[in-house]
Amino acid sequence: MASKLLVFATLLEFAVAQSGAWSQCGGIDWGGPTTCIPGWICTYSSSWYSQCLRPMVDYDIDDTTPTSTTSSIPTPSRTPTVGLALVAQAAGKLYFGSATDNPELNDAPYVALLGDTMEFNQITPGNSMKWGATEPSRGTFTFTKGDAIVKFAQDNGQLLRGHNCVWHRQLPSWVSSGNFDNATLQSIVQTHCSTLVGHYKGQIWDVVNEPFNDDGTWRASIFYNTTGPSFVNVALQAARAADPNAKLYINDYNIEGTCAKSAAMANLVKSLKAQDVPIDGVGIQAHLIVGQVPSTMQENIEQFTALGVEVAITELDIRMTLPVTDALLQQQKKDYQTVIAACKAVSGCVGVTVWDYTDKYSWIPSVYPTQGAALPWDANLTKKPAYDGIVAGFLP
Ligand SMILES: *[C@@H]1O[C@H](CO)[C@@H](O)[C@H](O)[C@H]1NC(C)=O
Ligand SMILES: *[C@@H]1O[C@H](CO)[C@@H](O)[C@H](O)[C@H]1NC(C)=O
Ligand SMILES: *[C@@H]1O[C@H](CO)[C@@H](O)[C@H](O)[C@H]1NC(C)=O
């Protein structure tokens, strides 16, 4: 009986204009429809914004086995709340995502939130697709850990960014100390990238990671020293040949604002395009510091998209000097909003990934011992003001 009434109500509402999936359906100054298409619920987010959201899968944070509602009339089992992936998609972006790593997948509360596609509809494996993890000895490939993360993402319907084919760190010693000549190392790069991208088809890929120094010169890696810039061409061409549908990126840090390093990246993209080498995107890592977000992020993103490539913010975190204070958390909120707003403002900026979502699993304290608290959820999986900053950055 209750479900018949619901059907009736739904049909009645269908006669008037309704907002579509993920669209705005309310808020101060909103003049559009205030109901949603069938199956979607107009959900209050703030006095400025309500959004059509899909009713949720039924789980709570302690239950790691989600059970979908099976009724054709969706009945939300908890109050839908706004999510980072939802607001990102409402802003026209493809995704909001998080990096993760295999050991964390044993942490049930962490996993429940990581798999919540209202928050994250994209996953990046933090370590398990790197060279040392995937080709520990020449010609011997191990995909077990990477496969586990792909399975997690696929089970949840999340996009995946493969990370990465060629990087100067986390290399097995057979590569870094092999004293290979130019032609041999090119062939090793070719085999590695084609095998990796061929195994993980249909993904977005950070094919080349961190090729430049901060002054915009080439990093004197084993790859550059041995092949010159050729390793970039070889890696990208191998990736394209292995999977014509993969999105191929070059990814680096300290290219958030306009600077010598971002100019070097733009010049590399131009040069690759001039040579007909496949390149689809520039990944801006965005490992930033509270109070120090560059003011030129938007124009910097635009300089890349003007070259005919897309951009993604690939490893976002904004660290602070500890201890955490309210003032630092408020500044961090503003800084997250600034970064997100810069991506939102440029249609070619397709998505944002945080470098894990909780301070519990941030890489920062292990590398910068006096710093931390860089992510939108604290170590107890409680949302910080930074979360609201991200939402605010995506809102109209
Ligand atoms: C590359 O060559 C430079 C200059 O000779 C050297 O300083 C650097 O250590 C080399 N890099 C590697 C990884 O061997
Ligand atoms: C490596 O070989 C390529 C040709 O495949 C050549 O263009 C490049 O200059 C060589 N690099 C070095 C450092 O010798
Ligand atoms: C997490 O919870 C514990 C226990 O309630 C508390 O001692 C700790 O301060 C909390 N951590 C953060 C970052 O809030």
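Counting convention: from 1, in listed order, for ligands and their atoms alike. Keep in mind it's a predicted model, so treat the numbers as computed, not measured.
- Looking at Asn182 against ligand 2, only its side chain comes within 4.0 Å, counting heavy atoms.
- In this structure, Lys261 forms a cation-pi arrangement with Tyr253, its terminal cationic atom sitting closer than 6.0 Å to the ring centre and no more than 45° off the ring axis.
- Here the two rings, on Trp218 and Phe212, have centers that are under 6.0 Å apart.
- Ligand-side atoms of ligand 2 in range of Thr226: 12 (C), 13 (C), range being under 4.0 angstrom from any heavy atom.
- When each atom of ligand 2 is checked for a heavy atom of Ser230 under 4.0 Å away, the hits are 3 (C), 7 (O), 8 (C).
- Near Gly228, with a cut-off below 4.0 Å to any heavy atom, the atoms of ligand 2 are 13 (C).
- Lys93 has its side chain out of reach of Asn121: every pair of non-hydrogen atoms, C-beta onward, lies at least 4.5 Å apart.
- With a 6.0 Å cutoff to the six-membered ring centre and a 45° limit on the axis angle, Arg161 does not count as a cation-pi contact of Tyr95.
- Looking at atom 5 (O) of ligand 2, its nearest protein heavy atom turns out to be Gln186 NE2, 3.1 Å.
- An N or O contact shorter than 3.5 Å links Asn225 to ligand 1 by distance.
- Geometrically, Arg319 engages Tyr368 in a cation-pi contact defined by less than 6.0 Å to the ring centre and at most 45° from the axis.
- Here Asp378 does not pair with Lys360 in a salt bridge; the nearest charged N to carboxylate O distance is not below 4.0 Å.
- Against a heavy-atom cut-off of under 4.0 Å, Asp378 is close to the following atoms of ligand 3: 12 (C), 13 (C), 14 (O).
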